[in-house]
Amino acid sequence: MIKNIKGTKDLLPNATYNLQDIENHLTRFMHLHGYGEIRTPIFESTELFTRSVGENTDIVNKEMYTWEDQNGQSLTLRPEMTASVARAYIQKQMWKIEPISKYYYIGPLFRRERPQKGRLRQFHQFGVESIGSENPEQDAEVISIAYNIYKMFGIEDISIKINSLGSGNIREIYSNDLKESLSNFKDSFSDSELKRLEQNPLRILDSKNEKIIKIINENAPNIFDYISPTDKKHFESVLNILDTMGIPYVHDNYLVRGLDYYNQTVFEVISNKLGGQDALCGGGRYDKLISQLGGEDIPAVGFAAGMERLIIAMNLENNESTSTDIYIINNEISLNGVSMLLADNIRKNLGVAVYVDTLRRSLKSQLRHSNKMKSKFSIILDAKTLDENTVCIKNMEKNSQDIIDFNNVVSYFESE
Ligand code: HAM
């Protein structure tokens, strides 16, 4: 039997229904904030990700699905969206058209990670990118959007971690000092941690190893001591706006994020429902990415949220939602046309869901199915009553029934 690839998922109608519902809410929410949807291709040239996400990041080093196209070009299934959005923005020279571009996106991403709860190889992100403003109010708007989305979906136990990585070459200077400060403790590091310390020291700060966390807390320098007064002021202004908006956060000095393009503000929204993979979403400023990829010197900030993790946090993983409004029960083959025509008339006139059985089930079994589908009404078609031009309509919730003139079925529901 051919099976799906490890770390990918088939979504059956119940799951898709939940997802569509979430997407509709997100679309509406973003429209209310003045953000428009951007859709970019699922694969891009590999260089786009190596140059933006960074050569020494986990994503580029070991997680990308990359192949050589027939013409020898290296292509990659997108592992994240920010690089693609930046590329599209530069390609269309959007800065000539509008001073600020506010985008949101929903779509699949691909990373060859070890699958576990909330971590897939094909996963989906909802995200926003605002390109054009360097001001702290833009950071605050993006963070508040992330926070309010989780609130909109009724997720209560969340917290925001926030930090500033400063700008200019602060990351580099800090990385070197961090490496030096931890070099005395190399004996406590595993081979992969040592490699990390060598190649991308900032990632050590993400360690989940208790021993390493203790060493970091006791010895690592604080990036906040390195950043300039201007960057500090920017960060404080972001926090001030969040305070005014009543959005709670924790300043986490060791939050650095795993992608190279960030500067100044970085943040994550965390849920304790997720276990090991606790980040519901993450983002930050990337003021140099647009120019690095060949555009003008244009600042930007954004975040992306894992849809699968949102669904776990909403407890929707196993939700059953198949339903209909009206079920037409018919067990006479001669009435198939009548029953389908009636269903179409009701759908067209009332815009409600109508289900018609096509399995030729018995009356009893159709009634059972109607119950299972949580229908509000069942219409029972019967050759005898139809001879008298009437049908029986059963109210499934009240367990009552009415005999109605066949021509008045639509108007009967109009008044219900
Ligand atoms: P990221 O932290 O790599 O950032 O991913 C953002 C979110 O995507 C994570 O917090 C998580 O919810 C979800 N996610 C990531 N990997 C997986 C996976 N393997 N399975 C399930 N969910 C996953 C970015 O991607 C940046 N582009 C965010 C950003 C936008 N920064 C600025 N703008």
Side-chain angles (χ1 to χ4, degrees), residues 4 6-33 35 37 39 79-82 103-111 113-129 141-162 208 242 245-250 255 257 267-284 302-325 353 372-374:
N4 68 321
K6 194 171 151 193
T8 68
K9 260 189 184 167
D10 299 310
L11 296 187
L12 297 178
N14 276 343
T16 315
Y17 180 85
N18 289 329
L19 205 59
Q20 283 171 335
D21 192 38
I22 291 172
E23 287 173 1
N24 289 340
H25 278 86
L26 289 171
T27 301
R28 172 92 187 121
F29 186 91
M30 292 322 297
H31 174 70
L32 296 181
H33 287 74
Y35 284 67
E37 185 178 0
R39 296 186 189 190
E80 64 107 46
M81 281 291 290
T82 311
Y103 303 121
Y104 78 93
Y105 49 80
I106 307 175
L109 290 307
F110 306 85
R111 295 185 193 175
E113 297 197 77
R114 202 160 39 81
Q116 62 179 72
K117 183 179 174 195
R119 191 164 73 189
L120 292 140
R121 291 183 170 175
Q122 177 177 338
F123 61 100
H124 298 77
Q125 278 184 348
F126 157 76
V128 314
E129 312 290 353
E141 182 187 63
V142 164
I143 297 169
S144 71
I145 285 174
Y147 179 78
N148 286 327
I149 279 172
Y150 292 113
K151 287 279 151 191
M152 169 172 76
F153 289 123
I155 299 166
E156 288 303 331
D157 44 359
I158 51 172
S159 55
I160 300 177
K161 283 196 212 166
I162 185 167
K208 304 257 191 272
L242 294 181
M245 293 179 83
I247 295 179
Y249 55 82
V250 177
L255 178 71
R257 308 261 310 126
F267 74 99
E268 284 183 352
V269 178
I270 306 295
S271 158
N272 56 21
K273 271 224 182 93
L274 292 175
Q277 300 300 311
D278 60 358
L280 279 171
C281 77
F303 78 87
M307 296 287 281
E308 287 79 6
R309 295 189 192 176
L310 172 65
I311 283 168
I312 295 174
M314 288 173 78
N315 286 329
L316 284 181
E317 277 170 296
N318 304 312
N319 205 18
E320 292 248 341
S321 57
T322 309
S323 66
T324 193
D325 297 308
K372 194 170 167 214
M373 288 194 78
K374 302 184 194 93

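Numbering starts at 1 and runs along the sequence shown.
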Sorted by chain and number, sequence neighbours left out, salt bridge (Lys or Arg N to Asp or Glu O under 4.0 Å) with Glu37 holds for Arg39
Quick one: does Arg309's side chain have a donor or acceptor within less than 3.5 Å of a partner on Leu280's backbone? no
Heavy-atom closest pair (Phe267 atom, Gly302 atom, distance to 0.1 Å) is CE2-O, 4.1 Å
Roughly how far apart are Tyr104 OH and Met81 CE, rounded to 0.5 Å? 12.0 Å
Applying side chain to side chain contact (heavy atoms under 4.5 Å, CB included), can you list everything that pairs with Pro115, at least two apart in sequence or on another chain? Lys6, Arg121
Kindly write out the residues that satisfy salt bridge (Lys or Arg N to Asp or Glu O under 4.0 Å) with Glu308, not counting sequence neighbours, or none if the list is empty. none
From Phe110 atom CZ to Thr8 atom OG1, the distance as rounded to the nearest 0.5 Å: 9.5 Å
Looking only at heavy atoms, the pair that brings Tyr105 and Ala304 closest together is OH-CB, 3.8 Å
Closest contact, heavy atoms only, Ala146 versus Val269: CB-CG2, 4.3 Å
Name all residues meeting the salt bridge (Lys or Arg N to Asp or Glu O under 4.0 Å) criterion together with Lys9; count only those two or more places apart in sequence or in a different chain, and write none if there are none. none
Check step by step if side chain to side chain contact (heavy atoms under 4.5 Å, CB included) holds for Leu316 and Ile22. CA-CA 11 Å; Leu316 284 181; Ile22 291 172; 4.1 Å; yes
Considering non-hydrogen atoms only, spot the tightest contact between Leu19 and Met307 and give its length. CD1-CE, 3.9 Å
Using 0.5 Å steps for rounding, measure from the CD1 atom of Ile106 to the NE2 atom of His124. 10.5 Å
What verdict does the side chain to side chain contact (heavy atoms under 4.5 Å, CB included) test give for Leu242 and Ile160, after you've listed the backbone C-alpha separation in whole Å, the side-chain angles of each residue and the deciding distance to 0.1 Å? CA-CA 11 Å; Leu242 294 181; Ile160 300 177; 5.7 Å; no
Check Ser271 against Ile158 and note the closest heavy-atom contact, atom names and distance. CB-CG2, 4.3 Å
Rounded distance (nearest 0.5 Å) linking atom SG of Cys281 with atom CZ of Phe126: 9.5 Å
Please enumerate all residues that pass salt bridge (Lys or Arg N to Asp or Glu O under 4.0 Å) together with Glu80, with sequence neighbours excluded. none
Selection residues 142-158 - residue pairs positive for salt bridge (charged side-chain N to carboxylate O under 4.0 Å, His left out), sequence neighbours left out: Lys151-Glu156
Looking only at heavy atoms, what is the nearest atom pair of Ile247 and Ser144, with distance? CD1-CB, 3.3 Å
Roughly how far apart are Phe123 CZ and Arg111 CZ, rounded to 0.5 Å? 4.0 Å
Side chain to side chain contact (heavy atoms under 4.5 Å, CB included) assessment of His25 paired with Ile149: CA-CA 9 Å; His25 278 86; Ile149 279 172; over 6 Å; no
What's the spacing between Asp21 CG and Leu26 CG if we round to 0.5 Å? 10.0 Å
